[in-house]
Amino acid sequence: MAMYLSRVALDTTRRNTQMALASPSKFHGAVEEAFPEKQARNLWRIDTLGGTMYLLLLSADKPDLSHLAAQFGNPKNCGESKDYDMLLNRIREGSVWQFRLTANPTHSIKRNEGRGKVVAHRTEKFQQEWLRRQGEKHGFSLVPETVRVTEKKWKVFSKRNTAKKVKLLEAVFEGRLKVENAGLFQNALIHGIGREKAYGMGLLTIVRVEG
């Protein structure tokens with residue numbers, strides 16, 4: 001299965017962009033419209049690199065980024081898409097990678113009846129413990145003393161086309177990881193980690209650490 005990692009530069013002075021940054025469901029809807037046919041859920045997130053804010057998008061089909069650029073960026077600069085398979089094919093057990101992950105670290109509180117209540121981990125200690133457990137499930141371990149939460153914020157917004165309010169804690173993790181199971185780790189890169197992927201969570205990006 002071919003995979004593509006795409007990015008579109010955002011113009012943060014535009015009202016559309018400011019509204020979408022406050023309400024991620026707007027980005028979610030626009031991402032869906034980048035494909036002619038309905039897709040399995042694609043991973044996306046907002047990143048700032050070199051002073052420019054980007055929307056990153058990982059998908060199985062190559063997207064048409066012109067609609068995203070017209071809404072949130074510069075219509076004359078429609079972004080770029082790169083083949084992601086080359087990176088996936090470089091994954092080896094024992095390899096070490098620098099990573100960045102925007103995620104929604106949560107846990108379930110048991111109730112006397114019915115399903116447990118899902119709540120956010122609010123402190124870095126428990127957020128890091130959540131990530132360690134995710135690593136056990138997804139084929140990687142964290143390199144000690146390298147991982148930190150570089151940003152965290154609450155997002156409160158209405159669900160797309162509804163009045164229902166959503167409140168999510170977004171945490172950004174950065175550091176180094178070691179691949180323990182190549183197949184599981186590749187699957188995590190493709191399908192993401194944690195909850196709320198529709199709202200810009202779960203996309204794990206990596207850069208090889210040489211040596």
Side-chain angles (χ1 to χ4, degrees), residues 1-49 52-88 100-106 118 120 134 138 151 153-173 186-206:
M1 177 178 64
M3 297 295 297
Y4 297 91
L5 183 64
S6 308
R7 74 176 189 179
V8 177
L10 303 178
D11 182 349
T12 56
T13 66
R14 296 186 59 178
R15 180 168 173 78
N16 276 353
T17 307
Q18 294 169 1
M19 292 174 63
L21 290 170
S23 180
S25 60
K26 297 184 184 301
F27 279 131
H28 171 51
V31 164
E32 289 186 332
E33 292 172 8
F35 302 91
E37 298 180 1
K38 186 173 178 60
Q39 300 279 300
R41 181 163 293 165
N42 299 295
L43 297 176
W44 67 272
R45 76 166 187 238
I46 304 299
D47 261 3
T48 300
L49 303 169
T52 300
M53 188 172 286
Y54 293 92
L55 186 149
L56 298 185
L57 169 61
L58 182 66
S59 59
D61 292 326
K62 194 171 183 178
D64 177 358
L65 301 176
S66 59
H67 182 64
L68 288 163
Q71 284 192 80
F72 308 115
N74 180 352
K76 296 180 181 179
N77 178 8
C78 290
E80 58 184 340
S81 296
K82 293 184 177 180
D83 185 337
Y84 200 59
D85 291 353
M86 290 180 63
L87 182 141
L88 292 173
R100 181 179 175 91
L101 169 68
T102 298
N104 174 232
T106 61
V118 176
Q134 293 297 314
H138 294 294
E151 184 180 344
K153 57 188 174 184
W154 286 98
K155 291 195 170 183
V156 182
F157 55 94
S158 295
K159 262 193 171 182
R160 189 181 177 193
N161 300 324
T162 73
K164 184 178 180 180
K165 287 291 185 181
V166 178
K167 183 178 181 181
L168 303 175
L169 180 65
E170 176 184 282
V172 179
F173 298 89
Q186 288 169 328
N187 192 67
L189 291 173
I190 293 170
H191 297 291
I193 294 176
R195 301 169 58 89
E196 308 301 349
K197 297 181 179 70
Y199 301 123
M201 315 282 188
L203 175 58
L204 174 67
T205 53
I206 56 174

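- How far CD1 of Ile206 is from CG of Leu87: 4.5 Å, rounded to the nearest 0.5 Å.
- For Lys155, the side chain to side chain donor-acceptor pair (under 3.5 Å) partners are Glu170, not counting sequence neighbours.
- Residues satisfying the salt bridge (charged side-chain N to carboxylate O under 4.0 Å, His left out) test with Asp64, not counting sequence neighbours, are none.
- From Asp47, atom CG reaches atom CZ of Arg7 across 9.5 Å, with rounding to the nearest 0.5 Å.
- Side-chain N or O atoms of Gln18 include one that pairs as donor or acceptor with a backbone N or O of Thr12 at under 3.5 Å.
- The CG atom of Leu56 lies 6.5 Å from the CG atom of Leu49; values are rounded to the nearest 0.5 Å.
- Rounded to the nearest 0.5 angstrom, Leu204 CG and His191 NE2 are separated by 13.5 Å.
- Going from atom CG of Leu88 over to atom CD of Gln186 covers 6.0 Å, rounded to the nearest 0.5 Å.
- Nearest heavy atom pair, residue Val8 against residue Cys78, reads CG2-O, 4.3 Å.
- Between Leu55 and Val31 the shortest side-chain heavy-atom distance falls below 4.5 Å.
- Residues Ala30 and Leu68 approach most closely at CB-CD2, 3.5 Å, considering heavy atoms.
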Query - CA sep, side-chain torsions, deciding dist, call: Asn42, Phe35, side-chain contact (heavy atoms from CB on, under 4.5 Å) - result: CA-CA 10 Å; Asn42 299 295; Phe35 302 91; 3.3 Å; yes
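- With hydrogens and angles left out, the side-chain atoms of Asp61 and Ser59 include no donor and acceptor closer than 3.5 Å.
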Query raised in the report: Going through the distances and angles, do Tyr4 and Leu57 end up as a side-chain contact (heavy atoms from CB on, under 4.5 Å)?
Result: CA-CA 8 Å; Tyr4 297 91; Leu57 169 61; over 6 Å; no
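- Taking every heavy atom of both residues into account, Gly73 and Arg14 meet most closely at O-NH1, 2.8 Å.
- Closest approach of Ser158 to Lys165, counting heavy atoms only: OG-NZ, 3.5 Å.
- Side-chain atoms of Leu101 and Leu203, non-hydrogen and from C-beta on, never get closer than 4.5 Å to each other.
- Between Leu169 and Pro105 the shortest heavy-atom distance is O-CD, 4.1 Å.
- The stretch residues 61-81 participates, sequence neighbours left out, in these ring-ring contact (aromatic ring centres under 6.0 Å, His included) pairs: Phe27-Phe72.
- Using modelled atom types, no side-chain atom of Ser81 and backbone atom of Ser6 make a donor-acceptor pair closer than 3.5 Å.
- Between Ala103 and Phe173, the shortest heavy-atom distance links the atoms CB-CE1, 4.2 Å.
- Here the CD-OG distance, from Gln71 to Ser66, works out to 10.5 Å after rounding to the nearest 0.5 Å.
- Between Arg100 and Arg45 there is a side-chain heavy-atom pair separated by less than 4.5 Å.
- Residues Met53 and Thr17 fail the side-chain proximity criterion, which asks for heavy atoms closer than 4.5 Å.
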